Participant: 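Handing you this structure, nothing more for now.
Throughout, protein chains are lettered first and strands after them, A, B, ... in sequence-line order, and every chain is numbered starting at 1. These figures come from a predicted structure and were not determined experimentally.
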Amino acid sequence: MKYTDYYAALGVERGASADEIKKAYRRLAQKYHPDVSKEPGAEARFKEVAEAYQTLKDAEKRAAYDALGSRPQGEEFRPPPDWASRHGGSGFEQTSFDDVDFADLFSRFGARGARGAMPGQDFEVPVEISIEDAFRGTMLSLSLSMPEYDGNGQMRRVPQTVKARIGAGAVDGQRLRLPGKGGKGFQGGRDGDLYLDISLKPHALYRATGHDLYLDLPLTPSEAALGASLEIPTLAGPVNLKIPAGTSSGRKLRLSGRGLPMPRGGAGDLFAVAQIVVPATLSDRERESYQRLAEGSDFEPRRHFRGEAA
Amino acid sequence: MTIETDVLWLDEHRAVSLRELVETSGLGEAELLELVHSGALPALEGVSGYTFSARVVTVARTACRLRDDFELDTRGLSVALKLLERVRDLEEEIARLRAELPR
């Protein structure tokens, strides 16, 4: 297994007092707790900090940790031969440590002394799906490593694939619960749950907010001024949209019920947002046409600059 | 090992009982009721006993993590949950406005 330097994770000396360890944990928890922090990598960092604190705040676990000696972070090692019997108690005597994570080594201290049923651990897993999958529904296949306890309370990580059908209608931030698909319970305790935190992948065309979708709709100046009937891509296939004459940039044209479906029926809307675009370079013929238009038009879009009604 | 399973949507279409909320959140019944009475956890109105939208499961689980990780009491939890709710509302509003903006 790979050694983890818990003192370094908390930024304290090996001889730090219990109070110094607690203060360091609190400072880092406020900075990296995933429920309150938006820092990149905060969740992984908090996991390290919490794992270190869970061991170092407990005098018995800290003594067992210290007995492993000081090693470089990430160094492959095995606990000394007498470590298990001196610090682990009966729950560790048969352990080979071959498939034990460093974190699990200390999490066993609670389990081995436990009497009776203990519920399995809940897990939350972030899952990113495409807007197309949210529209149609999808079958997710999740490869997880779930803890299981044997009769002695010894924990092993067991690879597990969970296939979950997500019906149409998931939105960004949707939470789903898979009862009993978390960690296994101990001695008849109920199995933990698996929670999925759904987010939608960015899409080349659509931006989702709730069940509504937004689509940029580039228009030529003549299409915007004169109106047009255009083919618009939707998740269910192309539809024709009538662009009213006199459409300005930013106008939202609503296609009712063409957004993401809702789980209990109905659907959000698709909004096509008009964007008037002009060619970066003009042909001679186009330039002449625009010049004739400019000379022949009395349209003044900046009247309000002079205090006149627009 | 491969397991195929159905999922429960934690949304406003599904209701959960107080007992289910205790089981899924890790908070005790007294703590949950204190959070309800402080306005940090909304219970469904017009229903006998305490019943909640399944969306509350996520909020209650967050409360449990904050209690354990920051050693907060229920009053501290109530303030934290209300502030997190405001942050969430503002983030949703920003996301909606960003979606309306052209790329």
Participant: Please look at Met146(A) and chain B and tell me whether the side chain, the backbone, both or neither of the residue comes under 4.5 angstrom of a heavy atom of that chain.
Facilitator: neither
Participant: Could you give me the CA-CA distance, side-chain angles and deciding distance for Lys57(A) and Lys22(A), then say whether side chain to side chain contact (heavy atoms under 4.5 Å, CB included) is met?
Facilitator: CA-CA 7 Å; Lys57(A) 76 174 181 179; Lys22(A) 189 175 194 173; over 6 Å; no
Participant: Hey, which of Asp122(A), Val158(A), Leu142(A) has the most heavy atom pairs under 4.5 Å with chain B?
Facilitator: Asp122(A)
Participant: Of the backbone (N, CA, C, O) and the side chain (C-beta and beyond), which part of Glu23(B) lies under 4.5 Å from a heavy atom of chain A, both, or neither?
Facilitator: both
Participant: Identify which part of Ala50(A) has an atom lying under 4.5 Å from any heavy atom of chain B, answering side chain, backbone, both or neither.
Facilitator: neither
Participant: Using non-hydrogen atoms and a 4.5 Å limit, figure out which bit of Gln275(A) sits close to chain B: side chain, backbone, both or neither.
Facilitator: side chain
Participant: Examine distances only and state if a side-chain atom of Ser17(B) and a backbone atom of Glu20(B) form a donor-acceptor pair shorter than 3.5 Å.
Facilitator: yes
Participant: Determine whether a donor-acceptor pair (N or O, by modelled atom type, separation under 3.5 Å) exists between the side chain of Lys181(A) and the backbone of Val7(B).
Facilitator: no
Participant: Can you tell me how the ring of Tyr50(B) sits relative to the ring of Phe52(B), calling it parallel under 30°, perpendicular over 60° and tilted otherwise?
Facilitator: parallel
Participant: Please classify the contact of Leu83(B) with chain A as side chain, backbone, both or neither, using a heavy-atom distance under 4.5 Å.
Facilitator: neither
Participant: Classify the ring geometry between Tyr214(A) and Phe271(A) as parallel (under 30°), tilted (30 to 60°) or perpendicular (over 60°).
Facilitator: parallel
Participant: Please look at Pro263(A) and chain B and tell me whether the side chain, the backbone, both or neither of the residue comes under 4.5 angstrom of a heavy atom of that chain.
Facilitator: side chain
Participant: Can you tell me which portion of Glu91(B) sits under 4.5 Å from chain A's heavy atoms? Options are side chain, backbone, both or neither.
Facilitator: side chain
Participant: Looking at Tyr25(A) and Asp69(B), would you say the former's side chain and the latter's main chain have a donor-acceptor pair under 3.5 Å?
Facilitator: yes
Participant: For chain B, find which of Gln174(A), Arg26(A), Arg165(A), Met139(A) contributes the most heavy-atom pairs closer than 4.5 angstrom.
Facilitator: Gln174(A)
Participant: Could you walk me through whether Leu255(A) and Leu215(A) pass the side chain to side chain contact (heavy atoms under 4.5 Å, CB included) test, one step at a time?
Facilitator: CA-CA 11 Å; Leu255(A) 288 90; Leu215(A) 166 76; over 6 Å; no
Participant: Test side chain to side chain contact (heavy atoms under 4.5 Å, CB included) on Leu196(A) and Ile166(A) and set out the steps.
Facilitator: CA-CA 10 Å; Leu196(A) 306 183; Ile166(A) 312 297; 4.3 Å; yes
Participant: Side chain from CB out, backbone as N, CA, C, O: work out which of these in Val162(A) comes under 4.5 Å of a heavy atom of chain B, or both, or neither.
Facilitator: both
Participant: Looking at Pro34(A), Ser141(A), Ser143(A), Ala170(A), which has the largest count of heavy-atom pairs under 4.5 Å with chain B?
Facilitator: Ala170(A)
Participant: Would you say Leu10(A) and Val49(A) make side-chain contact, with heavy atoms under 4.5 Å?
Facilitator: yes
Participant: Given the options Arg96(B), Glu92(B), Arg65(B), which has more heavy-atom pairs under 4.5 Å with chain A than any of the others?
Facilitator: Arg65(B)
Participant: Between Val57(B) and chain A, with a heavy-atom cut-off of 4.5 Å, which part of the residue counts as in contact: side chain, backbone, both or neither?
Facilitator: side chain
Participant: Examine whether an atom of Gln30(A) lies under 4.5 Å from a heavy atom of chain B, and if so say whether it belongs to the side chain, the backbone or both; otherwise answer neither.
Facilitator: both
Participant: Given heavy-atom pairs under 4.5 angstrom as the criterion, report whether the side chain, backbone, both or neither of Arg98(B) touches chain A.
Facilitator: backbone
Participant: Does the Ser249(A) side chain pair with the main chain of Ile276(A), one donor and one acceptor, at a distance under 3.5 Å?
Facilitator: yes
Participant: Non-hydrogen atoms of chain B under 4.5 Å away: do they reach the side chain of Asp216(A), the backbone, both or neither?
Facilitator: side chain
Participant: Using non-hydrogen atoms only, which part of Pro179(A) is less than 4.5 Å away from chain B: side chain, backbone, both, or neither?
Facilitator: side chain
Participant: Taking the side chain as C-beta and beyond, is there a heavy-atom pair between Leu10(B) and Arg55(B) under 4.5 Å?
Facilitator: no
